[in-house]
Amino acid sequence: MGHGFIARVGQWCFRHRWGVLGIWLAAVVLGVLAAGPVFDALAANNSPKNMESFRGQNVLATQSTQGGTVIGVVDGIDPAAPQVRTDVGALADKLRGVDGVQQVVTPFTDGLPPDPAAGLVAEDHRGLLVQVTLKNLSDDAQDTAASALTDALHAGAVTLREHGQPDARIRAGGGPVINQQANAQAGADLSKSESMSLPITLVVLVFIFGGVIAAGMPVLAAIVSIAFSMIMLLVFTKFTELDSNAVTIVTLLGLGLSIDYGLLLVARYREELAAGFEPQQALGRAWATAGRTIAFSALTVAAALSGLLLFGITGLSALGAAGISVAIAAMLVSLTFTAALLGLARKRIRPSKRAGRRTPDSGFFASLARIVQRRPLLTTLLGGAALVAVALPALGTTLHLDDLGALPPKMESVQVEHELTDNYGQSAAPAVTVVAHLSPAELDTWAARLDGTPGVRLIHPAADAGNGLATIGIEATGDPEGPAARDLVERIRADRPGGGESWVTGSGAMVTDVVGQIIDRLPLALGVTLLAMVVLLFAMTGSVVVPLKAVLMNLVSLGATFGILTAVFQHGFLAEPLGVLTVGGLSPFTVVSVFAFAFGLSMDYEVFLLGRIKEYTDKGHPTDVAVRRGLQHSGRIITSAALLMVIVFGCFVTGEMGGVQQIGLGLAVAVAVDATLVRCVLVPATMTLLGSANWWAPAWLKRLHRVIGLQEKVLDEPAPAPAPAPVSAPVLVSAPAPVLVSVPVPAAAALPAPVLVSIPVAVPAAAKGKRRKSVLVAYTWWLFLGLFGAHHFYLGRKRQGWWYLGTVGFLALGWLADVALLPRYARTTNATEPTVEPARELVHS
């Protein structure tokens, strides 16, 4: 039977299945109720607060008397018609009555100068604009006002059609409407993707497992994880801002990891059933091995996401924290909810047929490993060259913040922005906007010296923003986020307007600030992430070679992923067949997020494979044999899990938001490349090349690994089947007092009377009254003073305690690892040298 803390948790959930299922059912209900508030609380612009460009936007949002602007584009009408003037005037009066409206301007507004009035009429004289300026409102109040204004504008079109303008149409746009519609579309994309991916996943799992019940367990676990993630996201919205990309990635991660973990656990459970173990024993053995692998995998994914916390960017930090929580949640759901489902199903889960049909060295993946192992160097060179070739387009990647190009063209507010540019000569947003505590006249005077300088295409008149603030927009030549715009930002910041505090913002300034900070913080974030990976894989394998090789191969694999993303989204390669938007570049937020999550998922499969290989090496098999057998036993699980991941992520590519498409395709490609070429080809090839050197580590690190290592439990081989028809006969055993036990004796040798046999019975000294150390108390010390070794001192492990005291828990990494090791430490402490003790009466039948 499997031993260890995780095995005991699984068996406890197996026995108390109804209680566990009840708890998770309650969590699902709460998650469904939390989904609505989560989407309502999504920030329109989850911007960092420590960059000048975003601080300038925040100054406008908090100090200006003006809020966002809602624009109604009225087309299909004759602006010169008297009835149009009357109807548009009545519509303006109706719009002024909406709560939160500060000003409404139309071409017919009294007192409006001729030039501004002419600018509100379309160049083809078949339309006009209605501009509604909102007061400085809260997010909720602004959403309410935007909805009311949109409804009123649409109703105005009906009136125009009734009064002789049959082609009249009014479309609503502007910042508040764009934000509202983008969040709604993100929610629709998530719902669509989940509703597509779950049924397809279930069908594929039925083919993998050959039964509906076993196939349904990973899917049910994924549903529970998604619901549970909504509860955590709702909690996060109380402390920080989340945007639609955060919800997309967190949902993707929870869905993918839950299916992966459920697949691994159920498959291993069925293997143990095929080996002849009863359900509860099989579950304990599966959780002792695959369960420990899953716990380690979740820690690895969490470590990969920890780098997001170090960029100092609000959106990335919130995404990292939420992603770490969801990884842990997926682990908890898999280890507890899946165990309860197996306890409910029991005999309905059939043993794996493949486990009993083949020897460990036979099968497709073992044959594939043999082929690779015949030419390991050639295989490594060809596979590495292929990945590098695919990665080449990534060298020309352009970083571009999400803009209108990343939004669905059919979105009404996006059409309004394009109409403003095409038919009214208005830019959607200038490349640079200067916000200053100056008067508009002073700002115009300062900006005049920029007129005609390189990179400047147009300077808009300064505008009064209220409360002593003025703004001025400056159009840059070329791409608003291109080199000319970034250079203009630097020149303006070096020569600011005098006389008052100022901020340089706009799309060009934002991309300058974001890319600059990411580049500045990248070495630290990447270093922490890679160090955490190396340390965790060292704790698992006791090797420094395997972790470094895994990190290097993951980096090459991710390079290929970004090469494909650049080719598709920046250059349009296969964009039309895939149905995705060509946006001219990748968002820096998307690049960092895909890197972190794809890196974590890649290490996830590395852990799956290494866990099985390590089982065989711990049993004394040579590295080549261990690799071959490990790949045979885990290859099908890895490729099946990857197929399911690709299905899940691929369904997100069907969304209409450019950000969702980039994330979905990026993760799908990363998983596909990693689970096929890397895990099934390059890993066996490189491990064969290295041979026994795979497991090399300095002597002092090997000693450290014996103390803090997270080795897999080596389980006993399945016991042979017992002889048929045993008959129990009582036997008396004394040593020195008699102990009555029941010993199976064949029928032919059944004894008519008890037999007295003198056998010394060894009993641990801890059973003689010595106070046992409690795991619960050890965990308490670990939680509050574990960095200083308190739990080790409590368990009598003074040497480790002094090490922790002197190194602050091995810089917290050893302390984190102890969460999985404390039960073993406590058992070791309680298991002293056995001594002979007066026998006691034992009865067993």
Side-chain angles (χ1 to χ4, degrees), residues 68-134 142-185 188 404-405 407-429 581 656-657:
T69 300
V70 175
I71 300 176
V73 174
V74 186
D75 54 17
I77 52 97
D78 179 8
Q83 188 60 47
V84 169
R85 182 186 186 99
T86 301
D87 289 343
V88 170
L91 174 60
D93 292 337
K94 184 177 180 181
L95 296 175
R96 290 188 185 97
V98 175
D99 289 340
V101 171
Q102 185 180 74
Q103 183 184 32
V104 179
V105 177
T106 73
F108 314 122
T109 299
D110 293 337
L112 188 66
D115 287 345
L120 296 178
V121 178
E123 294 176 356
D124 63 0
H125 298 286
R126 291 291 297 161
L128 56 86
L129 299 181
V130 177
Q131 293 182 339
V132 183
T133 303
L134 298 176
Q142 181 172 274
D143 284 344
T144 301
S147 297
L149 292 171
T150 300
D151 293 341
L153 288 169
H154 291 164
V158 176
T159 302
L160 285 168
R161 288 194 293 269
E162 291 174 347
H163 292 170
Q165 301 291 324
D167 298 327
R169 178 180 58 164
I170 300 181
R171 290 169 291 175
V177 179
I178 289 177
N179 294 333
Q180 190 178 53
Q181 293 181 357
N183 284 340
Q185 185 63 52
L404 291 179
L407 298 176
K410 71 175 186 180
M411 188 182 292
E412 181 180 340
S413 55
V414 174
Q415 294 175 0
V416 167
E417 295 297 324
H418 290 309
E419 185 71 12
L420 290 176
T421 302
D422 298 338
N423 210 11
Y424 292 88
Q426 298 187 18
S427 174
L581 300 173
E656 299 184 29
M657 299 285 286

Any side-chain heavy-atom pair of [X] and [Y] under 4.5 Å:
{"X": "P409", "Y": "Q415", "value": "no"}
{"X": "V132", "Y": "Q103", "value": "no"}
{"X": "V73", "Y": "L129", "value": "yes"}
{"X": "L149", "Y": "L134", "value": "yes"}
{"X": "E419", "Y": "V416", "value": "no"}
{"X": "L112", "Y": "L120", "value": "yes"}
{"X": "V130", "Y": "I170", "value": "no"}
{"X": "T421", "Y": "E417", "value": "no"}

Quick check: closest heavy atoms across [X] and [Y], and the distance to 0.1 Å?
{"X": "V104", "Y": "T109", "answer": "O-OG1, 4.1 Å"}
{"X": "D78", "Y": "V84", "answer": "O-CG2, 3.4 Å"}
{"X": "P408", "Y": "Q185", "answer": "CG-CG, 4.0 Å"}
{"X": "A172", "Y": "V177", "answer": "O-CG1, 3.8 Å"}
{"X": "A152", "Y": "L91", "answer": "O-CD1, 3.5 Å"}
{"X": "G127", "Y": "P79", "answer": "O-CG, 3.7 Å"}

Before giving the answer on salt bridge (charged side-chain N to carboxylate O under 4.0 Å, His left out), spell out for R126 and D75 the whole-Å C-alpha distance, their side-chain angles and the decisive distance to 0.1 Å. CA-CA 6 Å; R126 291 291 297 161; D75 54 17; over 6 Å; no

Rounded to the nearest 0.5 Å, what separates atom [atom1] in [X] from atom [atom2] in [Y]?
{"X": "L128", "Y": "I77", "atom1": "CG", "atom2": "CD1", "answer": "4.0 Å"}
{"X": "Q165", "Y": "Q83", "atom1": "CD", "atom2": "CD", "answer": "8.5 Å"}
{"X": "H418", "Y": "N423", "atom1": "NE2", "atom2": "CG", "answer": "14.0 Å"}
{"X": "L160", "Y": "D87", "atom1": "CG", "atom2": "CG", "answer": "5.0 Å"}

Are the side chain of [X] and the backbone of [Y] linked by a donor-acceptor contact shorter than 3.5 Å?
{"X": "R171", "Y": "E412", "answer": "no"}
{"X": "Q102", "Y": "T133", "answer": "no"}
{"X": "Q181", "Y": "S413", "answer": "yes"}

So H125 and V121, side chain to side chain contact (heavy atoms under 4.5 Å, CB included) or not? Walk me through it. CA-CA 6 Å; H125 298 286; V121 178; 4.0 Å; yes

Would you check if there is a donor-acceptor pair between the side chains of Q180 and S147 at a distance under 3.5 Å? yes

Please evaluate residues L407 and L581 with respect to the criterion side chain to side chain contact (heavy atoms under 4.5 Å, CB included), reporting the C-alpha separation (whole Å), side-chain torsions for both, the decisive distance (0.1 Å), and the verdict. CA-CA 8 Å; L407 298 176; L581 300 173; over 6 Å; no

Can you pull out every salt bridge (Lys or Arg N to Asp or Glu O under 4.0 Å) where at least one residue sits in residues 99-124? Sequence neighbours excluded, please. none

